[in-house]
Asker: 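Here it is, the structure, as C-alpha cells.
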Amino acid sequence: MTSIPESGPASVHASHGVHDHQFDDAAQQQEAATLGMWLFLATEVLFFGGLFTGYTVYRSAYPNAFGEASRHLDIVLGTVNTGVLLLSSFSMAMAVQSAQLGKRWRLLGFLTSTAVLGAVFLAIKFTEYVHKFHEHLVPGSQFVFAGPESPHAQLFFSFYFAMTGLHALHMIIGLAMLVVLMMMTLANRFGPEYHTPVETIGLYWHFVDIVWVFLFPLLYLVSR
Amino acid sequence: MTHADVPENYLTASWGWRSWLLTRDHKRIALLYLISITLFFIVGGFFALLIRLELLTPAGDLVQAETYNKLFTMHGLIMIFFFLIPSIPSVLGNFLIPLMIGARDLAFPRLNLLSWYIYIIGGVFTLAAVVTGGVDTGWTFYTPYSSTYANSNVILTALGVFITGFSSILTGLNFIVTIHKMRAPGLTWFRLPLFVWAHYATSLIMVLGTPVLAISITLILLERAFHIGIFDPKLGGDPLLFQHLFWFYSHPAVYIMILPGMGVVSEIVTCYSRKKIFGYTFVALSSLAIAALGFMVWGHHMFVSGQSPFAGMVFSMLSFLVAIPSGIKVFNWTATLYKGSISFDAPMLYALGFIGLFTIGGLTGLFLATLAVDVHVHDTYFVIAHFHYIMVGGAVMAYFGGIHFWWPKITGRLYPEVWARIAALIVFIGFNLTFFPQFLLGYLGMPRRYHAYPEEFQVWNVMSTAGASILGLGYLIPIIYLLWSLRYGRVATANPWNAMGLEWETPSPPPETNFAATPIVKEEAYSYDIHT
Amino acid sequence: MFTELPFWPQEASTVAGSVDVLTIFLVIVAFSFSFLILLLILYFSFRYRRRPGLAATPVPTRLSLEVLWTAVPLGLTAVMFTWGSGLYMHNQQDPPGAMNIYVVGKQWMWTVEHLEGRREIGELHVPAGRPVKLILASQDVIHDLFIPAFRIKQDVVPGRYTTLWFEATRIGSYRLVCAQYCGTRHSGMIGNVVVMEPQDYQTWLANGADDPPAKSGERLFHTFSCAGCHELQASQKGPPLIGMYGKSVRMESGETVAFDDAYIRESILDPNEKVVEGYRPIMPTFRNQLNEDEIIQMIAYIRSLGTGDAKP
C-alpha cells in the first residue's frame, strides 16, 4: 500500500485556512464541525423530546386542568417573545451571510443584535417567572391553584417551568457563545474562507428558536 | 532491545502529569479510560461478591435487608454505567478507530478529553453516593419508590448517572463524525473493518438514546427535590410514564453494551482463522439493523406493568425481529471458521467463548420476548441469567479478548500466552457455573432482588456462588499478568499476529500522530487470501 | 441433597400446563441452536486447526446461506410469537363467572378482602376448580403479585386497579411473592395461596369473624356523609348509586364510561375528572381520608346496592 507524505508540522490553531492537525485540510475540518453540530442538535431533539412526551401524556389525560392552567400564562408576553426570537434568528442568518461575505463590522453588528434580542427574550421570560412566583404558581410547597384541578394544574406548571427553563438554559449558553463569537470577530478571526463557528453556532441558535416555536403553542395556546 | 533503542511513541512522547491529564491524544485518553473502568469493574465486582456470599444461605443473614438492596443497586449502576457502556468504545474504540481508518486522531480531540473528565465527575458523584450511605432503588429507579419513598442517596446517584451520560453522548458524536469525514483515501464504507461498523452503530444509539435517559433522571431529580408529582399518582402523576421514558434509553443501552463486542469478535475471528469474514455486508448492515430495531422494543420490559396487551404484542413481535440480525452474525462468524487455518491464542478463546455464550444468552431472550412465558419469568432470576450471559459471557469476554488482541499494539509488549489461555478457560467455566443455575432458579420462581429464598433453592444458589468465586479468580489473573507484562513482557513487533488492518501497519506502540504517512487503502478488509 | 434437586415448578393452575408446553418448545429450540453452533465451532476448530502446510481456503459468500439463516430463524420466531401471543391474549381474558377477590399490596404485606367477609394478611384462600379474579391495588409503590405454581404475574400499580385471574387445579399451598422491588422488606413480602375443596372453602368463608367489606363500606358511606349528596336515589346534588354497578354512564363531556371499580375509585379520589351528565363538579375529594382498603370496602358496598344489566 502506498501513502501520502505529511505536509508539514502540525498547526495548533485554526483560522484563515489553517487547520487542526488531525484534519487534512480546512474544508475537512469545516465539514466535520458542521456534521458535529447537526448530530449535537439531534441529541437535543431527543432531550427536549422526552419532556414533550411527558407533557403530551399529561395533557391528554387532564385536558381541562391543562387548559385552565394555560390561561394563567401571559399570552401577550409569550407572543412578544416569539416575535423577538424569530427576529433574532433572522439577525443570526444575516450574521452568517455577513461572515460569508467577509463583512467584519456587519457581522459584529448582527451578532450583537442577535445577542441583544436573546437577552430581551430572557428578560421577558424572567419577568414572567417573577409574576408566576407572586401568583403562587411555582410548583412545590408554595403552589396554590383555586379549584378542584389543583394537582393536575401543578403538573402543567411543572412542565412549563421544566421546558421553558431548559430552553432558557440553552438560550443562556447560546448568548455566551455569541459573546465569544463577537470577541473572535473583533480579533479578526473570521473571513470568507473561514467562519465555521459562526455557521455552527447559527445552526444552534436556529434550533433553540425552533424549540420555542413548538413550546409556545403547546404551553400558551392550549385553550384559547 | 534496550530502553534507549525504543523509538519514540505516544507513551514516550512527553512526560509528567499534565501531559497525561491534559492530553488530546486519543491513545492516551483510551488509557485514562482503561485505568478508570478497571477500578470501577473492581468495585462493581466486589458488590457482586457480597451479593453471592449472602445468597449462599436461604436466610438473609449476612447483611441487613436494606444493605442488600443497596448492594444490588450499586452493583448494577456501576457495572452498567461505569464499566459496560464505556468499556469497549472508550478504551478500544478510542484507541483503534483513528488507527483503523488511517487518521491522526479523532475529529474532536478536546471533546474526547472532556468526555473522560465528565465520566470521572459522574463517577465521583456516584461513588460519593455509595460511601455516604448508598442508594437502594435498583438501577432501574422505578417510581414512585425512587421519587417519593426511598430514603437513600437518590439525588446524588441520579446526578452521577446524569453527568456520565454526557460522556457517552460526546464519545458517540466524536466517532460518527470521525468515521464519516476522516477515512483514509480508498477506504470506502464497505472496506471498513467491522469493528468500525459496530462502533458506528453503537454511536448512533449513544447519541440518540442517552438524552432520553437524561430527561428521565431530570424528572426524578425534580420530583424528589420539589415534590411536584410527575410520577406520583397521589398528585395525578403516572408511574408508568417513567418506565416508558427510562426503557426507551435503557433498552438500546444494552445494544451499546454488546455491539462493540461483536465488532471485536469479527476482528479476532478473521485473524485467527486467516480468512475474510463470511458475509461481510450482512455482518456490517446487521449492526445498523440492531441499532434501529433496538429503539423499538423497549416495551418488552413492561409486559406485566399495566401496559395494554396490544402494545405488548407489538413489542413482542419487534423483539423477535431484533434477534434475527444477531443470529445472522453468529452464523457468519461460525462460517468464517470453515476452511480456515485456526489457532487458539487467548483472544480467539475469548472470541469463541463469546459466540457460544452470546448465542445462549440471545436464545434465552426469545423466552422473554414470548409473552405468555415472560409473564412467568419476568422479574425472576431467569432474566438475571439472560442478561449476564450476554453482558458477561458476551460483552466482558469480548472486552478481555480485545484487550489481549491489541495489548501489543497499545503497550508494545506481549502478554504471557499460557497464563492467558488458562485464565480464559477459568473464566468460561466459572461463568457457566455461576449463571446457568440461575435459569433454573428463575423458572422455579425465585424473584430477583431477593436476599432470602426458600430452602429448596439453596443447591442452585450454592453452585452459583461457587462459580462466581472461580469467575472472580479468572478475572484477577489477567489483571496481574497484564500489569506484569508492562515491565517484563516480551517486546512486540508492529504486527505480532500477522493481522490485517491499518492499525497493524504502524509500530507497536504507535507514534503520537499514528502514521508516518497517510495510508492509501486499495483492498477489502481482512484480505488474508491475498497476503499469507 | 442431590436427590431433591428442583428443576421444574409445580403446575397448579389451568394455564400452567400450556405455558410449560410452550416453554419446553422454546427450550428445545434453544438447545438445538446452541448445540448446533457449539458442534460446528468444535468441529471446524478441530478440522481446520492450524497445521504446517495447510493454509486457509478463501470461501466466497453465499447469498443462499444468508437467506437460509435469516429465513429459518424468522420462521421459528414467527411460530414463537404467534403461539406466545395467542396464549397470552387468551390468558388475559377474564373468564366468565369469576369470583372477585380484592388484594391490596403495601410495603411490605398483602391484604386480601373476600367480598363475603373474610380478611387475610399474607394468605389467599381460594376454591379449586373455580375461576378467581383478583382486583389488585397498591397503597404506596409498585408491587407485583406472582404465583409461580400458577405461572401468573401482574404488577400492582398505585393510582389504578390491575387485575389477574386464575383457576387453581390442585389442592395445596403455593408460594406467593412480590416480584417488583418495593423497598427494604421486598424479600419478605411473601405469602401463600391456599387452594381448598369448594365445600371447605365455603366453610372457611363462613367462619370469618370480620365484617364483610360491604358492611364496613356502608359504615364509611355514612361516616363520610356520602348519603348527603347521593342519597342512593337520584338527587340534585349527586348521581344515583343503586343498581348502577356494571352499567354505562354518560358524562358531561359526552363520553360514556363503565360504572366499574376503577370508575368508583376515581370518583372518590379525583371526582371532577369525570362528571356525570346533568350534574355539577361539586364533589370534594377524599384522597387523604381513605386508604386503598377502605376504598375497596366502599366499592363492595356500592356493588351490594345492585348491579346493572351490563356484565360486571
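Proteins get letters first, then strands, A, B, ... in listed order; numbering begins at 1 in each.
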Asker: How many angstroms lie between CG in C/Leu65 and CD1 in B/Ile328, if you round to the nearest 0.5 Å?
Answerer: 12.0 Å
Asker: Which answer fits C/Asp140, side chain, backbone, both or neither, if we ask what part of it has an atom under 4.5 Å from a heavy atom of chain B?
Answerer: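 For C/Asp140, the contact with chain B is made by backbone and side chain together.
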Asker: Might you point out which heavy atoms bring B/Phe344 and C/Arg49 nearest each other, and give the distance in Å?
Answerer: CE1-CB, 4.3 Å
Asker: Considering only heavy atoms, which portion of B/Leu321 lies under 4.5 Å from any heavy atom of chain C: side chain, backbone, both, or neither?
Answerer: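 Side chain only.
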Asker: Does any backbone or side-chain atom of B/Leu337 lie under 4.5 Å from a heavy atom of chain C? Answer side chain, backbone, both or neither.
Answerer: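 Both parts, backbone and side chain.
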Asker: Rounded to the nearest 0.5 Å, what separates atom OH in B/Tyr145 from atom NE2 in C/His143?
Answerer: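 Separation between the atoms: 10.5 Å.
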Asker: Search all heavy atoms of C/Phe33 against all heavy atoms of B/Leu363 and return the closest pair with its distance.
Answerer: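 Nearest pair, atom of C/Phe33 first, then B/Leu363: CB-CD1, 3.7 Å.
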Asker: Between B/Lys70, B/His451, B/Met348, B/Lys276, which shows the greatest number of heavy-atom pairs under 4.5 Å with chain C?
Answerer: B/His451
Asker: Which answer fits B/Thr67, side chain, backbone, both or neither, if we ask what part of it has an atom under 4.5 Å from a heavy atom of chain C?
Answerer: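 Neither part; nothing is under 4.5 Å.
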Asker: Side chain, backbone, both or neither: which part of B/Thr380 has a heavy atom under 4.5 Å from chain C?
Answerer: side chain
Asker: Is it true that the side chains of B/Tyr443 and C/Asp20 contain a donor and an acceptor less than 3.5 Å apart?
Answerer: yes
Asker: Just verifying a value: how many Å separate B/Phe278 CZ and C/Glu66 CD, rounded to the nearest 0.5 Å?
Answerer: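 If we round to the nearest 0.5 Å, B/Phe278:CZ and C/Glu66:CD are 6.0 Å apart.
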Asker: Find the distance between SG (C/Cys182) and CZ (B/Arg449) and round it off to the nearest 0.5 Å.
Answerer: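 With rounding to 0.5 Å, SG (C/Cys182) is 11.0 Å from CZ (B/Arg449).
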Asker: What residues of residues 262-273 of chain C make heavy-atom contacts with chain B at a cutoff under 4.5 angstrom?
Answerer: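 Interface residues of residues 262-273 of chain C: none, nothing closer than 4.5 Å to chain B.
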Asker: Counting only heavy atoms closer than 4.5 Å, note whether B/Lys234 contacts chain C via side chain, backbone, both or neither.
Answerer: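 Both backbone and side chain.
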Asker: How close do C/Ser34 and B/Thr359 get, heavy atom to heavy atom, and via which atoms?
Answerer: CA-CG2, 4.4 Å
Asker: Using non-hydrogen atoms only, which part of B/Ser152 is less than 4.5 Å away from chain C: side chain, backbone, both, or neither?
Answerer: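 Answer is neither: B/Ser152 stays 4.5 Å or more from chain C.
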Asker: May I ask you to decide if C/Ile37's main-chain N or O and B/Thr334's side chain share a donor-acceptor pair within less than 3.5 Å?
Answerer: no
Asker: If you compare all heavy atoms of C/Phe81 against all heavy atoms of B/Ser316, which two are closest, and at what distance to 0.1 Å?
Answerer: CD1-OG, 3.4 Å
Asker: Measuring from B/Phe310:CZ to C/Ser85:OG, what's the distance to the nearest 0.5 Å?
Answerer: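 The CZ atom of B/Phe310 sits 11.0 Å away from the OG atom of C/Ser85.
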Asker: At a 4.5 Å cut-off on heavy atoms, which part of C/Ile147 comes close to chain B: side chain, backbone, both, or neither?
Answerer: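 C/Ile147 has no heavy atom closer than 4.5 Å to chain B.
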Asker: Any sub-3.5 Å donor-acceptor pair from B/Tyr450's side-chain atoms to C/Cys178's backbone N or O?
Answerer: yes
Asker: Just checking heavy atoms, which of residues 370-379 of chain B are less than 4.5 Å from chain C?
Answerer: B/Thr370, B/Leu371, B/Ala372, B/Val373, B/Asp374, B/Val375, B/His376, B/Val377, B/His378, B/Asp379
Asker: Which one of C/Leu63, C/Val15, C/Val19, C/Asn288 has the most heavy-atom pairs closer than 4.5 Å to chain B?
Answerer: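 Result: the option with the highest number of such pairs is C/Val19.
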Asker: Under a 4.5 Å cutoff for heavy-atom pairs, which residue among C/Pro158, C/Ala55, C/Gly159, C/Pro58 has the most contacts with chain B?
Answerer: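 Most pairs with chain B among the choices: C/Pro158.
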Asker: Out of C/Leu26, C/Thr61, C/Leu38, return the one with the most heavy atom pairs under 4.5 angstrom to chain B.
Answerer: C/Leu26
Asker: Taking the side chain as every heavy atom from C-beta outward, state whether C/Pro148 and B/Leu444 have any atom pair closer than 4.5 Å.
Answerer: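 No; the side chains remain at least 4.5 Å from each other.
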Asker: For C/Arg287, is it the side chain, the backbone, both, or neither that has a heavy atom closer than 4.5 Å to a heavy atom of chain B?
Answerer: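 When you check distances to chain B, only side chain atoms of C/Arg287 fall under 4.5 Å.
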Asker: In terms of heavy-atom proximity below 4.5 Å to chain B, should C/Leu54 be classed as side chain, backbone, both, or neither?
Answerer: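 Backbone only.
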Asker: Report which part of B/Tyr338 has an atom under 4.5 Å of a heavy atom belonging to chain C: side chain, backbone, both, or neither.
Answerer: both
Asker: With heavy-atom distances below 4.5 Å as the criterion, would you say the side chains of C/Met80 and B/Phe367 are in contact?
Answerer: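 They are not in contact (no side-chain heavy atoms under 4.5 Å apart), so the answer is no.
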Asker: Which pair of non-hydrogen atoms, one from B/Pro447 and one from C/Val177, has the smallest distance, and what is that distance?
Answerer: CG-CG2, 3.7 Å
Asker: CG of B/Leu366 to CG of C/Leu76: how many Å apart, nearest 0.5 Å?
Answerer: 9.0 Å
Asker: Look at the side chain of B/Trp460 and the backbone N and O of C/Pro6, then say whether any donor-acceptor pair between them is shorter than 3.5 Å.
Answerer: yes
Asker: Measuring centre to centre across the rings, with the benzene-like ring taken for any Trp, is B/Phe72 within less than 6.0 Å of C/Tyr181?
Answerer: yes
Asker: Quick check on C/Phe146 against chain B: is it the side chain, the backbone, both or neither that has a heavy atom closer than 4.5 Å?
Answerer: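 For C/Phe146, the side chain is the part near chain B, not the backbone.
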Asker: So which part of B/Gln243 gets closer than 4.5 Å to some heavy atom of chain C, the side chain, the backbone, both or neither?
Answerer: side chain
Asker: Below 4.5 Å, heavy atoms only, C-beta onward: do C/Val141 and B/Tyr142 meet side chain to side chain?
Answerer: no
Asker: Chain B contacts: which residues in residues 88-95 of chain C have a non-hydrogen atom closer than 4.5 Å to it?
Answerer: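 From residues 88-95 of chain C, the residues near chain B are C/Tyr88, C/Met89, C/Gln92.
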Asker: Which atoms of B/Asn332 are under 4.5 Å from chain C, going by heavy atoms: the side chain, the backbone, both sets, or neither?
Answerer: both
Asker: State whether the number of non-hydrogen atoms from other residues, nucleotides or ligands found under 6.0 Å of C/Gln107 atom CD is greater than 12.
Answerer: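 Yes - once you tally the heavy atoms of other residues, nucleotides and ligands closer than 6.0 Å, there are more than 12.
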Asker: Counting heavy-atom pairs closer than 4.5 Å to chain C, which one of B/Gly340, B/Gly60, B/Ala65 comes out on top?
Answerer: B/Gly340
Asker: Answer yes or no: is there a side-chain heavy-atom contact under 4.5 Å between C/Arg160 and B/Leu240?
Answerer: yes
Asker: Heavy atoms, side chains only, cut-off 4.5 Å: are C/His186 and B/Tyr68 in contact?
Answerer: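 No, too far: nothing below the 4.5 Å cut-off.
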Asker: Heavy-atom distance under 4.5 Å to chain C: side chain of B/Pro309, backbone, both or neither?
Answerer: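 Both parts, backbone and side chain.
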Asker: So which of B/Phe439, B/Phe303, B/Tyr149, B/Tyr272 has the biggest tally of heavy-atom pairs under 4.5 Å with chain C?
Answerer: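 Heavy-atom pairs under 4.5 Å are most numerous for B/Tyr149.
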Asker: Would you indicate whether the side-chain heavy atoms of B/Ser305 and C/Thr162 approach each other to under 4.5 Å?
Answerer: no
Asker: Would you check if the side chain of C/Asp155 reaches a backbone N or O of B/Gly306 as a donor-acceptor pair within less than 3.5 Å?
Answerer: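 It does not hold such a pair.
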Asker: Between the side chain of C/Arg50 and the main-chain N/O of B/Ser341, is any donor-acceptor distance below 3.5 Å?
Answerer: yes
Asker: Indicate the atoms forming the closest heavy-atom contact of B/Pro239 with C/Val157, along with that distance.
Answerer: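 So the minimum-distance heavy-atom pair works out to CG-CG1, 4.1 Å.
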Asker: So, using salt bridge (charged side-chain N to carboxylate O under 4.0 Å, His left out) as the criterion, who are the partners of B/Asp345 when residues are at least two apart?
Answerer: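 Salt bridge (charged side-chain N to carboxylate O under 4.0 Å, His left out) list for B/Asp345, sorted by chain: B/Arg421.
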Asker: Do C/Trp69 and B/Phe282 come close enough that some side-chain heavy atom pair is under 4.5 Å?
Answerer: no
Asker: Who wins among B/Ala452, B/Gly279, B/Ala335 for the most heavy-atom pairs under 4.5 Å with chain C?
Answerer: B/Gly279
Asker: With a 4.5 Å heavy-atom cut-off, do C/Thr184 and B/Gln64 have their side chains touching?
Answerer: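 The answer is no; the side chains never approach within 4.5 Å.
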Asker: Heavy-atom distance under 4.5 Å to chain B: side chain of C/Val27, backbone, both or neither?
Answerer: both
Asker: Hey, which of C/Asp144, C/Thr163, C/Ile190, C/Ile41 has the most heavy atom pairs under 4.5 Å with chain B?
Answerer: C/Ile41
Asker: So, C/Arg175 and B/Glu456, do they make that salt bridge, N to O below 4.0 Å?
Answerer: yes
Asker: Relative to chain B, which segment of C/Ala30 carries a heavy atom at a distance below 4.5 Å: side chain, backbone, both, or neither?
Answerer: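 Contact with chain B involves both backbone and side-chain atoms of C/Ala30.
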